[in-house]
Amino acid sequence: MISYTSKDGDNVVMVYSRAPSGVAGAPIKQVIGFERKGYKIDVSAISEGALNHLSPLPLLLAGTGSQILLYNVEAGKQLRSFNVFDGIRIHGITCVSNCCDSLMPKFEVAVFGEKKVKLFELNLRVEVGCDDAQLRICAELILVRSLPRFSHWVLDVCFLKEYYLCSGNESISHVVIGLGDNSICVWNISTSSMAVEVICPERTLLYAMRLWGENLNDLCVASGTIYNEVIVWKLVPQRHASLSVSPVEDFSSVPHSFYESPDKDYKVIYLCRLADHEGSIFRLAWSSDGSKLMSVSDDRSARIWTISKEKEYSADPLPPPDSYALILFGHNARVWDCYLSDSLIVTAGEDCTFRVWGMDGCQLMMIKEHVGRGIWRCAYDPSSLLLVTAGFDSAIKVHLLDSSLLTISNKQNVRVEEIKEKKEIFTTSAPNISDQLSFMNSKSEYVRCLRFAREDMLYVATNQGYLHLAKFSKAGNIEWTELVHTSKKVPIICMDLISVSSANRSTDVEDWIVIGDGKGNVTVVQVVDVVHAPTVKFTFTWSAGMERQLLGTNWCKSMGCRYIFSADPRGVLKLWRINDQTHQDHLLSVCDQTLKDNGASLVAQFTSCFRTRILCLDASFDDEVLVCGDHRGNLIMFTLSKDLQTGSIDPEVNISPLSYFKGAHGISSVTSISVCRSTFNQVDMCSTGGDGCICYFKYDGDSRSLEFTGMKQVKELSLIQSVSADLSSTDDLTCRKYAIGFTSTDYIIWNLLSEMKVLQISCGGWRRPHSYYLGTSPESQNCFAFVKDHLIHIHRHWIPDNDRKQLPRVLHMQYHGREIHCLCFVSDASQRYSKENNSSFGNRFSCVATGCEDGTVRLTGYAPDSVNWFASKLLGEHVGGSAVRSICFVSKVYKITTEHSVISNLGHGSDTSSNGANDQFLLLISVGAKRVLTSWLLQNRMLSNMGVANVDQEGIRKGDNSSLLRVFSSMAFQWLSTDKPSKFSSTRKSVESTKINTRCGEDTSSVGSGLSSGSSCLENNQKVSKFCTTDDKENDWRYLAVTAFLVKGANIRLTVCFIVVSCSDTTLMLRALLLPYRLWFDVALLVPQPSPVLALQHFILPNYSPCEYKYLYVVVSGSTDGSITFWDLTESIHVFMQQLSKFQPEKFIECQKRPKTGRGSQGGRWWRTLRNRTSKNDSRDTIGKTDGGEALNGNQDNSAANGVSLNIRHDHGNVEASSCAEDALLESAADGDDSSTEVREIKPLYVVSNAHQSGVNCLHISSMRDFHRSEPVLSYCVLSGGDDQALHCLTFDLVTNDFSQTERNYDLTESENRWELSPCTVYKGCRIRFLSRYAIASAHSAAVKGVWTDGTWAFTTGLDQRVRCWHFEEQSKLTEHSHLIISVPEPEALDARACSGNEYQIAVAGRGMQMITFSAPCDS
């Protein structure tokens, strides 16, 4: 086996010189090993040397995992990626220029991580494109030298230059390496040898070291110790160490090349000791001239020290001199990194914020845009004003600072508004308000409403009935125009604005303003020629309600300027139709004389069922829907018939709601609604609210149901006013890019895609009159106005499209900010696409779902032909941010049939499950802390609606990012349901010792609890454990593992997702999710389970025997005690499906649910238990022996077992529906002897005790090839990994031959250990026969965390940071084929998928995620 690095340095391939054992016909020189692909790991290093002033475009080097990424900052594109280390995390990058050619610049790059340092040469070639406008950069990273492994961790690297007197040039000659034991090494580049090694006498452990200087004469070393001190020292020749002279006076005699005297000794000279910090030193930074030193610490502070070199040297550590220490406090957690320039100070910390400080210690800027464990690195380039931050969330974000920050950084008491470059700030007051000097009361003149019409026009309504227009000039002057005065001393309560194209001139627009006053009157004003000379064309007023009962007037853009809605406090919404005086002759009919006389007529009245004030609405005559949001967070939908346009409906008749959704935003107000047609007879809706959430809904016209489909919680906003999209966005409501809202007293525009703050203005909160206006790109075109202290404050940032040049703000895609605990491939949709369209798209494109410690679930797209991980989106968050511990993807639907049908040709990779379009559900199930179980439903709009013609096949084949993003955006998971128990409830079992008469199987250390003729059984009346349900007042239980599968009944339209979930309280529960009604059931409890289950897998065996069960449903669990247990769920599932055959949930089940986010949640849950007339226990006692009757797994088949006790769960607030569901399901249950409120109990089928010496961390089950078998049967293997570093493989099959139950299996000898396997279990004509058991004691050098197998190849990973490939040979022996060092620290999960061409994609997750591929031999 040979390991090599490809020429471009970004791949490591395993090449085999001989065919692996057991693989026939493999070519000798075939590449069949691993290949590294994309990373999603925290960015741990940013290049120290600024590249942008040495090349035509700003460039950036970043280190993530073991890779270096080269970015074009201006274009926001990744140019190249280079693999540097194997499994070693990059800690730092140092870069200096080695060539001044602007078209072909060269750089010397030093990359270090842990105890390794590698030197590279980065060659750039700048080429001008065909249009002479685009610059293309070609990069090449050449390895110069890999330095020997050092004895301690490398903390810093510095290049030294040598000056040649003859030529007057400088060249890089040496490299200084700073180590964690407070020592430095000097490496000679030309001779590739170590020139000098100096150990500081102050031997201490360091967390930080920083080197400064271009030659040894100026070299200064700053060491940050774990003892809260900073030691500053330098090197001098031995003869200078004994002198007490100034360095300026004596170092001029030192030769320019100090290596001319190899025998010369150097000694450490202390400059100062800085000991004011109260925590360990994490990072140090020198100023450009070396006169100042900055340190950041565990004490959340940053300090700037003045280092004086005009003093005598000392060989002993000195006390702190008279150094000036500027202390910066502001971070809420530890400070990780810092940067010190001549004009600005930058700090970045664990609180995910970076802060910009002036040289006087004043904080000028604070931005929080990263998530997770903090910002690791920050870098600032004074020449381009670019500030780059990178953190644990894998994001690299670029900020362009205002140049005015540099000019005022040394000034004090400067307002933040005065440093905004290219931003205009106006402060003005409306007419008749500036003259008021007395105290204000309810009748005083003040501003009531503000509305922007465009970036230079603002409409202002006042308390005394005035409507003004303020127009801003480029010179900063404001021109006021009084438009309307409704009536004296009547306040204007509400105002809305709509702009439409002018009928006379297509190039001009006209504004329509509707205002409502305190008397209940509505006034409409038409303003024309608004661009040149705004003029009121006409105005009219009518009474729309009683005094003080008019609270809202609204236009609807989709309905134009002819229709107006008015709202009152009791939830009544009135629709008015107005007359355009310029078109009344052809707009009005004979029956419209009322409209002609009065100016407006009532068309319809809509009454909310909640009787609360309606705040926002949206409507569509085409879809005939009107959606409203009220003050208490409810959504109400009405029918907006097209007959309203003709006036054929009596306006005095109240229109009742068509549907509603109670508590869509909890108890917080709904602030905006958008409606968009999705498919025929289906409407999508998006709403925002005061709970800081964006919610998505779907209305089905056939079922007339309003269904919650998803939610995004913007934690940075406490209230979201609306969501907006730029012009490049699609009509899809889920693709809205910007959220506009408030947090505390600040107005914020938040970019939802890049997770960055676009704008933040302190205004006093959302309750003040305010208005905003956004252009085509809100980053450079935005306006905001608010009222404070009787003044109107206007902030305008408006750069014309031609002058706008905006840098991309995110270079590296943002990801989870904390550890990833689980992942799974979501590949079924892409595979269906490939089959339906005869395309290989599914083999190049895959999606990976991941669950994180912070409670988030993300979907990430991968394509090897593009930039690997090309997109990632947040699906949602678990309740309260509870950690996600396990996740699984469910796609196959198994049908239960009443009549037996023979199943044939069921080989590897095929199944007979239902995959029809009508009954196909693609589900994602996630579980985690606080016993939260969440389900997601995959909706692929491209496959269902868009069609093949809309897919750019050629763009996908070439890896075009826009084409891939289009396909990826079409795959959307909609939130389906969340099951969370009530507070302080627990299903933990308490143990009682009782006496029962039973006989147990033998040898718990071997496979099985089944019976054999020669087994030694327990005596009668032996004490065993009996479990009973108790409630403990504890809320710290968490789910640990989950597995699920879909079952559809033969004669019912319902599909059930059966979910087996394990809890940390040692319980193992079988639950059922009824689709599409989102109804949860507790079906059965799997007992006894003495230890918590860490891993769950299921397998569904086709039943060949002529019995009523088409499939056998078996679950395999791995526990913390090292045991592996088999559970048979077949009969429980069939009985449950039989009960559902008479169940009609659509009549009484309320499906209006939304995730509980902590803000605006819908309250707690009620647990209701359904009584059942059947026995609670499964009559099959798998550890006992039966006496007569039909044998079923060694137990008697009792007819009493045909009933299942169900625990049904409903949300609080629908008690009536819950009672109906309870009665209906009770009537459908089978009759029995006694009633019971307990769920059914299922006993273990087999227990493999001591399979591992400690906990079983992972399991995987697959069918496999049979060697030397003549019987037409399928065999399966269960592969497990544990904390004992071992792998365990157990194989079995299902046969239909008529063997005697007392027949013994074959005895197999594996690894010099003799395993006697238990006999086969006969199951109604079928029997499960265990074939072999094989274990590898030390498969990894640390705990095994993830396994996957397809029966031919197996992939495993562990805490040793390796992925190992194993090959199955005869008798299920595993032979290690190859291994690869990965860059993911602390891997916790692994999943794989088989692609075409014998290629496998393997995803590993832990503190990040990495994709690798494995190419298998063609004949394997």
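Excluded from the calculations below are hydrogen atoms, water molecules and symmetry mates; all remaining heavy atoms, backbone and side chain alike, are included. Residue indices begin at 1 and follow the sequence shown.
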### Query
After noting the C-alpha distance and the side-chain angles of His1252 and Ser1280, does the key distance pass the side-chain hydrogen bond (donor to acceptor under 3.5 Å, both in side chains) rule?
CA-CA 9 Å; His1252 291 270; Ser1280 62; 2.8 Å; yes
### Query
Between Gln1089 and Ser1119, is a side-chain hydrogen bond (donor to acceptor under 3.5 Å, both in side chains) present by the stated rule, with each step listed?
CA-CA 9 Å; Gln1089 183 58 50; Ser1119 307; 2.8 Å; yes
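- Ring centers of Phe1045 and Tyr1113: under 6.0 Å apart, within the cut-off.
- Here CH2 of Trp1348 is found 7.0 Å from OG of Ser1262. Values are rounded to the nearest 0.5 Å.
- Aromatic pair Phe1292/Phe1099: ring centres closer than 6.0 Å.
- From Leu933, atom CG reaches atom CZ of Arg1071 across 6.5 Å, with rounding to the nearest 0.5 Å.
- Scored by the side-chain contact (heavy atoms from CB on, under 4.5 Å) test, Ser882 finds His878, Ala929, Lys930, Val932 as partners (sequence neighbours excluded).
- When atom types are taken as modelled, the side chain of His821 and the backbone of Val884 share no donor-acceptor pair closer than 3.5 angstrom.
- For the atom pair OG of Ser1062 and CG of Leu1040, the computed distance is 4.5 Å after rounding to the nearest 0.5 Å.
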### Message
Before you tell me yes or no, could you show the steps for Ile1100 and Leu1112 under side-chain contact (heavy atoms from CB on, under 4.5 Å), namely the whole-Å CA-CA distance, both residues' side-chain angles and the distance that decides it to 0.1 Å?
### Response
CA-CA 6 Å; Ile1100 300 177; Leu1112 307 180; over 6 Å; no
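- Listed by chain and number, the residues in a side-chain contact (heavy atoms from CB on, under 4.5 Å) with Ala1095 are Leu1259 (sequence neighbours excluded).
- To the nearest 0.5 angstrom, Asp1283 atom CG is 4.5 Å from Ser1254 atom OG.
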### Task
Test side-chain hydrogen bond (donor to acceptor under 3.5 Å, both in side chains) on His1098 and Thr1043 and set out the steps.
CA-CA 7 Å; His1098 74 274; Thr1043 187; 2.7 Å; yes
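- Side-chain atoms of Ser1064 come within 3.5 Å of backbone N or O of Arg1038 as a donor-acceptor pair.
- Between Leu924 and Ser935 the shortest side-chain heavy-atom distance does not fall below 4.5 Å.
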### Task
Begin from the C-alpha positions of Thr934 and Trp975 and carry the test side-chain hydrogen bond (donor to acceptor under 3.5 Å, both in side chains) through to its verdict.
CA-CA 8 Å; Thr934 303; Trp975 175 84; 5.1 Å; no
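- When ring centroids are compared, Phe1058 and Tyr894 stay outside the 6.0 Å threshold.
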